[in-house]
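This report refers to the structure that appears directly beneath it.
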Amino acid sequence: MPHADSSFVPSSIVSKADFWDHVYTQLVALLEGQRTWVTNLANTSSTIYNSLLAFPAHFGDGERAVNWCGFYVDSQFFPVPRIVMPDDVGSPSKLLLGPFCGKPACQYINVAPSTARGVCADAFIRQATLLVPDVEAYPGHIACDGQTKSEIVSPLILERGTDRLVVGVLDLDCLALGGFTEEDKLGLERIAALVVNACDW
Ligand code: SME
């Protein structure tokens, strides 16, 4: 099967639960045999984004469309540990923009307790998925795209025995208020666990 067909959504899929099961199954096949995080996160963001746009019962490509899907990853996992940029982007306690689909987005997100701000930082620090039905009502929300109305962010949690390490976050934006539901939360958390365990960090 051509790789692009991984984001094809059969018309027989109508419920969100079936949709997320389908995307999960596609990703299991797509990630097989690859352990490089940048490669796997790139294919994961593309598969989720394009599958959502191909699923009219969810968002489709109209006013309720998902307009961004991607990852922010702890700077320690980037191949160049110290990136020379203003504000010391390569220092610890920052998430750097990783693979994504959608319009350009902010390059990094502070997660140090003194400077942390925004949905991604909060999900990373709390190690929990955050469902934001109205981004303008969320204190500290970082607006990468003024058209975004709602957002969901799931942490990428690597579990090794009793240790939990958060390596980054999976972030989705939507053009509509209340674009994401508890079903999306469950689907994305399952995918976040799949992709984080499919990579060597
Ligand atoms: N809104 C996010 C920033 C990332 S963009 O949405 C792609 C936040 O508040 O952390």
Side-chain angles (χ1 to χ4, degrees), residues 7 23 37-38 40-53 58-78 83 85-157 165-182 184-185 187-189 191-192 195-196:
S7 62
V23 175
W37 70 257
V38 70
N40 283 342
L41 269 51
N43 264 338
T44 299
S45 61
S46 175
T47 302
I48 296 171
Y49 182 78
N50 286 292
S51 298
L52 283 166
L53 293 183
H58 199 303
F59 298 122
D61 58 0
E63 290 175 1
R64 294 186 58 76
V66 62
N67 59 325
W68 203 86
C69 173
F71 294 90
Y72 283 89
V73 177
D74 191 314
S75 62
Q76 69 170 300
F77 297 109
F78 280 74
I83 300 164
M85 286 190 71
D87 201 21
D88 200 7
V89 171
S91 68
S93 301
K94 281 189 168 61
L95 305 180
L96 292 183
L97 180 60
F100 71 95
C101 286
K103 292 179 181 173
C106 59
Q107 295 172 347
Y108 67 92
I109 288 170
N110 288 310
V111 289
S114 56
T115 52
R117 181 172 76 88
V119 189
C120 292
D122 290 347
F124 181 85
I125 292 165
R126 292 186 211 166
Q127 303 191 10
T129 298
L130 296 183
L131 238 173
V132 180
D134 179 358
V135 294
E136 288 188 16
Y138 190 93
H141 170 257
I142 298 167
C144 292
D145 182 344
Q147 289 192 302
T148 296
K149 295 281 195 301
S150 58
E151 180 165 9
I152 185 168
V153 181
S154 278
L156 301 177
I157 302 173
L165 175 68
V166 189
V167 302
V169 297
L170 167 58
D171 180 13
L172 275 75
D173 293 346
C174 179
L175 294 174
L177 289 168
F180 303 103
T181 66
E182 286 294 325
D184 300 314
K185 176 176 179 283
L188 290 169
E189 285 176 343
I191 287 172
V195 69
V196 77

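Everything numeric in this text was worked out from a predicted model, so none of it was measured. Whatever order the structure lists ligands and atoms in, that order sets their numbers, starting from 1.
Using cut-offs of 30° and 60° on the angle between ring planes, the pair F78 and W37 is perpendicular.
Heavy atoms of C120 found under 4.0 angstrom from ligand 1 belong to the backbone as well as the side chain. Counting heavy atoms closer than 4.0 Å to ligand 1, residue F100 contributes nothing at all. The proximity of D173 to ligand 1, defined as any non-hydrogen pair under 4.0 Å, is limited to the side chain.
The backbone N or O of L41 sits less than 3.5 Å from a side-chain atom of S45, completing a donor-acceptor pair. Side-chain atoms of D184 come within 3.5 Å of backbone N or O of T181 as a donor-acceptor pair.
Heavy-atom proximity to W68, at under 4.0 Å, picks out these atoms of ligand 1: 7 (C). Within ligand 1, the atoms closer than 4.0 Å to a non-hydrogen atom of H141 are 1 (N), 9 (O), numbered from 1 in the order shown. Which parts of ligand 1 touch G118 is read off a 4.0 Å heavy-atom cut-off, strictly below it: atoms 9 (O), 10 (O).
Closest to atom 5 (S) of ligand 1 among all protein heavy atoms lies C144 SG, 3.1 Å. Residue, atom and distance of the protein heavy atom nearest to atom 4 (C) of ligand 1 are D171 OD2, 3.4 Å. Looking only at heavy atoms of the protein, atom 1 (N) of ligand 1 is closest to I142 O, 2.7 Å. For atom 2 (C) of ligand 1, the closest non-hydrogen atom on the protein side is E151 OE2, 3.2 Å.
When T148, V119, V153 are checked for heavy-atom proximity to atom 8 (C) of ligand 1, V119 turns out nearest.
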Inset, instruction - Using the side-chain contact (heavy atoms from CB on, under 4.5 Å) rule, take V196 and V167 through it: C-alpha gap first, then chi angles, then the decisive distance, then the call. - result: CA-CA 8 Å; V196 77; V167 302; 3.7 Å; yes
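Side chains of K103 and N67 form no contact here, defined as non-hydrogen atoms less than 4.5 Å apart. Contact of the I48 side chain with the L170 side chain is registered, since non-hydrogen atoms from C-beta on lie closer than 4.5 Å. D145 has its side chain out of reach of D173: every pair of non-hydrogen atoms, C-beta onward, lies at least 4.5 Å apart.
Of the residues Y49, W68, Y72, F71, the one that meets the ring-ring contact (aromatic ring centres under 6.0 Å, His included) test with F100 is W68.
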